[in-house]
2 protein chains.
Amino acid sequence: MTSPAAAPKRTRIQREKRELILEAALDIFSTHGFRGSTIDQIAEAAGMSKPNLLYYFRRKEDIHETLMQRLLDTWLAPLREFDNVGDPLTELRGYIRRKLEMARDYPRESRLFANEILQGAPRIMPMLEGELKQLVDEKAQVIKGWMRDGKIAPTDPWHLIFSIWATTQHYADFDTQVRAVLGPDRGSEGRFEDAARFLEHLFLEGLRPR
Amino acid sequence: MTSPAAAPKRTRIQREKRELILEAALDIFSTHGFRGSTIDQIAEAAGMSKPNLLYYFRRKEDIHETLMQRLLDTWLAPLREFDNVGDPLTELRGYIRRKLEMARDYPRESRLFANEILQGAPRIMPMLEGELKQLVDEKAQVIKGWMRDGKIAPTDPWHLIFSIWATTQHYADFDTQVRAVLGPDRGSEGRFEDAARFLEHLFLEGLRPR
DNA sequence: GCAAATTTTTACCGAATGGACAAACGTTAG
DNA sequence: CTAACGTTTGTCCATTCGGTAAAAATTTGC
């Protein structure tokens with residue numbers, strides 16, 4: 001991305017306050033989107049004045065950009081791990097579970113990403129067409145190999161990956177709807193376990209009775 | 001919702017221009033969200049001046065509300081249709097296909113809805129907890145019946161419905177990402193058919209080889 | 001064809017927003 | 001202790017935003 005030529009050399013306070021701001025901004029951006037969020041909102045959530053915040057990040061966009069860069073690093077980690085070693089079905093089950101855990105533990109990151117994509121990915125399109133596509137194509141080949149070897153049913157590996165993303169991230173991005181439909185009876189822990197069990201069944205066995 | 005006590009009695013021009021505005025607003029709102037969209041943007045997209053637009057809709061929120069009401073009517077239609085008659089697996093396959101067709105034919109509506117949910121559903125929460133929950137609970141019972149009868153594998157009907165929503169709407173909401181990853185080789189028609197074939201396989205057979 | 005009703009334009013307003021700037025205040029190294 | 005540096009605050013500004021008011025232009029019903 002940006003060349004790390006200029007070393008940032010930050011003070012203790014700068015490091016702490018920047019973290020505070022990013023934490024607050026993640027809250028705000030992930031629920032209101034970039035344009036829907038104001039610097040004032042973020043500043044208030046971070047417990048400081050707007051000019052103070054602007055001392056640490058010169059522009060609103062800088063905050064969003066920093067957040068986005070961090071997000072992408074961690075976001076693709078599960079897919080990178082996803083490897084050829086071990087039993088294919090176990091590997092897939094593990095990937096689904098890790099993605100679901102991320103939706104549970106980092107819902108704001110998921111929503112930040114969803115917002116960006118919904119708006120046409122204006123800031124990360126190059127990354128989607130480059131790094132992401134490359135990674136997905138690579139993993140799709142791994143899956144294709146499994147299919148050729150008869151280890152998993154032959155079908156489209158790209159759409160398989162999409163469907164894993166869709167089903168797991170749904171629990172972060174559409175959390176509001178999921179909660180509203182399920183009602184308050186079942187706490188978030190129970191919801192997570194139910195979802196994990198269901199998705200495992202869906203991806204491994206499908207719905208046709210055996 | 002709001003009592004239709006006051007008959008709207010609109011002129012021809014009002015009917016036409018309101019449609020024009022709603023059409024333009026759907027474009028804008030679905031990609032920028034409510035707060036991220038401006039009246040000016042919508043007015044320009046509709047080919048008229050801001051004050052002129054405000055002659056037809058007094059407030060920005062009125063446009064969004066009208067759009068939302070229409071959306072919800074058509075959005076749940078496939079789930080309403082989804083009935084007890086006929087073979088369960090056929091019924092499910094039909095529902096998935098209809099939802100996927102909606103994602104293909106009405107992606108803006110899907111994104112409008114996604115935006116609303118992402119932001120915590122501030123304007124439609126009552127509908128989610130009322131009408132939607134009721135409908136889903138009802139259909140979940142139908143599915144449960146099928147499971148009891150051994151017509152489909154026993155699993156969680158609520159999460160089954162979520163997973164159908166997630167996988168199908170993904171092709172509208174994350175279209176940008178899907179296109180970026182698949183590349184330009186395969187046109188939208190091909191993408192749709194691939195997705196339909198894959199989802200049918202996933203939901204009916206799962207991935208374990210037989 | 002014309003009066004009444006409807007539609008469009010022009011000009012404007014107050015509030016919110018992203019951001020600049022310098023003065024005041026704290027912290028820290030020597 | 002103090003000078004240098006880092007941090008915070010108060011004030012201000014230009015722009016954009018949602019929305020209003022009234023005049024001008026157009027359409028419609030008779």
Side-chain angles (χ1 to χ4, degrees), chain A residues 6-68 112 115-116 119 122-123, chain B residues 6-69 112 115-116 119-120 122-123:
Chain A
K9 55 169 179 179
R10 304 219 162 88
T11 70
R12 175 186 55 89
I13 295 184
Q14 274 168 354
R15 264 177 280 122
E16 289 172 5
K17 291 294 173 79
R18 280 175 65 96
E19 282 313 307
L20 240 157
I21 292 169
L22 289 171
E23 171 66 21
L26 182 54
D27 260 2
I28 306 296
F29 280 142
S30 67
T31 52
H32 300 295
F34 181 75
R35 288 207 47 191
S37 306
T38 71
I39 300 183
D40 280 297
Q41 268 179 302
I42 299 170
E44 197 195 330
M48 64 182 73
S49 66
K50 178 169 64 170
N52 198 182
L53 181 148
L54 284 168
Y55 171 71
Y56 294 103
F57 290 90
R58 297 234 296 271
R59 295 175 314 152
K60 180 184 173 185
E61 234 192 298
D62 291 349
I63 309 175
H64 192 264
E65 201 183 310
T66 305
L67 231 33
M68 222 58 195
L112 183 66
N115 258 307
E116 177 69 11
Q119 286 162 26
R123 298 159 221 278
Chain B
K9 56 169 179 179
R10 304 218 163 89
T11 69
R12 174 187 56 88
I13 293 184
Q14 274 167 354
R15 264 177 278 124
E16 289 172 4
K17 291 292 172 79
R18 281 176 62 96
E19 283 313 308
L20 240 158
I21 292 168
L22 290 172
E23 172 67 20
L26 182 54
D27 261 1
I28 306 296
F29 280 142
S30 67
T31 50
H32 301 294
F34 182 75
R35 289 208 47 190
S37 306
T38 71
I39 300 182
D40 280 296
Q41 268 179 303
I42 299 170
E44 197 195 329
M48 65 181 73
S49 67
K50 178 170 66 172
N52 197 182
L53 181 149
L54 285 167
Y55 171 71
Y56 294 102
F57 290 89
R58 298 234 295 270
R59 295 175 313 151
K60 180 185 173 185
E61 236 192 297
D62 291 350
I63 309 175
H64 192 265
E65 201 183 310
T66 305
L67 230 34
M68 221 58 194
Q69 277 170 351
L112 182 67
N115 259 306
E116 177 69 10
Q119 287 161 26
R123 299 158 220 279

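Numbers restart at 1 for each chain; the letters A, B, ... are given by sequence-line order, proteins then strands. Every value quoted in this text rests on a predicted model; they were computed, and no experiment measured them.
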Please state how far atom CG in B/Asp40 lies from atom C1' in D/dT15, giving the value in whole angstrom units. 12 Å
A/Arg35 has an atom CZ; how far is it from atom C1' of C/dG18, in whole Å? 12 Å
Cationic tip of A/Arg123 above A/Phe34 ring, under 6.0 Å, 45° of axis: yes
If you look at every strand shown and take non-hydrogen atoms under 4.0 Å, does A/Ile39 touch a base, only sugar-phosphate, or nothing? sugar-phosphate
How many whole angstroms separate atom CD1 of B/Ile42 from atom C1' of D/dC17? 12 Å
Is any side-chain heavy atom of B/Glu23 closer than 4.5 Å to a side-chain heavy atom of B/Leu20? no
Can you tell if the side chain of B/Phe29 reaches within under 4.5 Å of the side chain of B/Leu67, non-hydrogen atoms only? yes
Scan A/Tyr56 against the nucleic acid and name what it touches under 4.0 Å (heavy atoms): base, sugar-phosphate only, or nothing. sugar-phosphate
Length of the line joining A/His32:NE2 and C/dG18:P, which is rounded to integer Å: 12 Å
For atom CD1 of A/Ile63 and atom C1' of C/dG18, their distance in whole Å: 11 Å
Distances under 3.5 Å between nitrogen or oxygen atoms of protein and nucleotides 9-13 of chain C:
none

Which whole-number value in Å describes the distance from B/Ile21 CD1 to C/dT8 C1'? 12 Å
When you compare the side chain of A/His32 with that of A/Thr38, does any pair of heavy atoms fall below 4.5 Å? no
Of the listed nucleotides (C/dT17, D/dG19, C/dT8), which one gets closest to any side-chain atom of B/Lys60? D/dG19
Considering residues, nucleotides and ligands other than B/Glu44, do more than 12 of their heavy atoms fall under 6.0 Å from its CD? no
Can you tell me how far C1' of D/dT16 sits from CD of B/Glu44, to the nearest Å? 15 Å
Can you check the A/Phe57 CZ to C/dG18 P distance for me, whole Å? 16 Å
Within the pair A/Arg15 and D/dT7, is there a side-chain N or O less than 4.0 Å away from OP1 or OP2? no
Going by the side chain to side chain contact (heavy atoms under 4.5 Å, CB included) test, name the single residue among B/Asp40, B/Ile39, B/Ile42, B/Ile63 that passes it with B/Ile28. B/Ile42
State whether B/Gln14 places a side-chain N or O below 4.0 Å from either non-bridging phosphate oxygen (OP1 or OP2) of C/dT6. no
Please give me the minimum heavy-atom distance between A/Ser37 and A/Gly33, naming the atom from each residue. OG-O, 2.6 Å
Ignoring backbone atoms, establish whether B/Tyr55 has a side-chain N or O less than 4.0 Å from OP1 or OP2 of C/dT7. yes
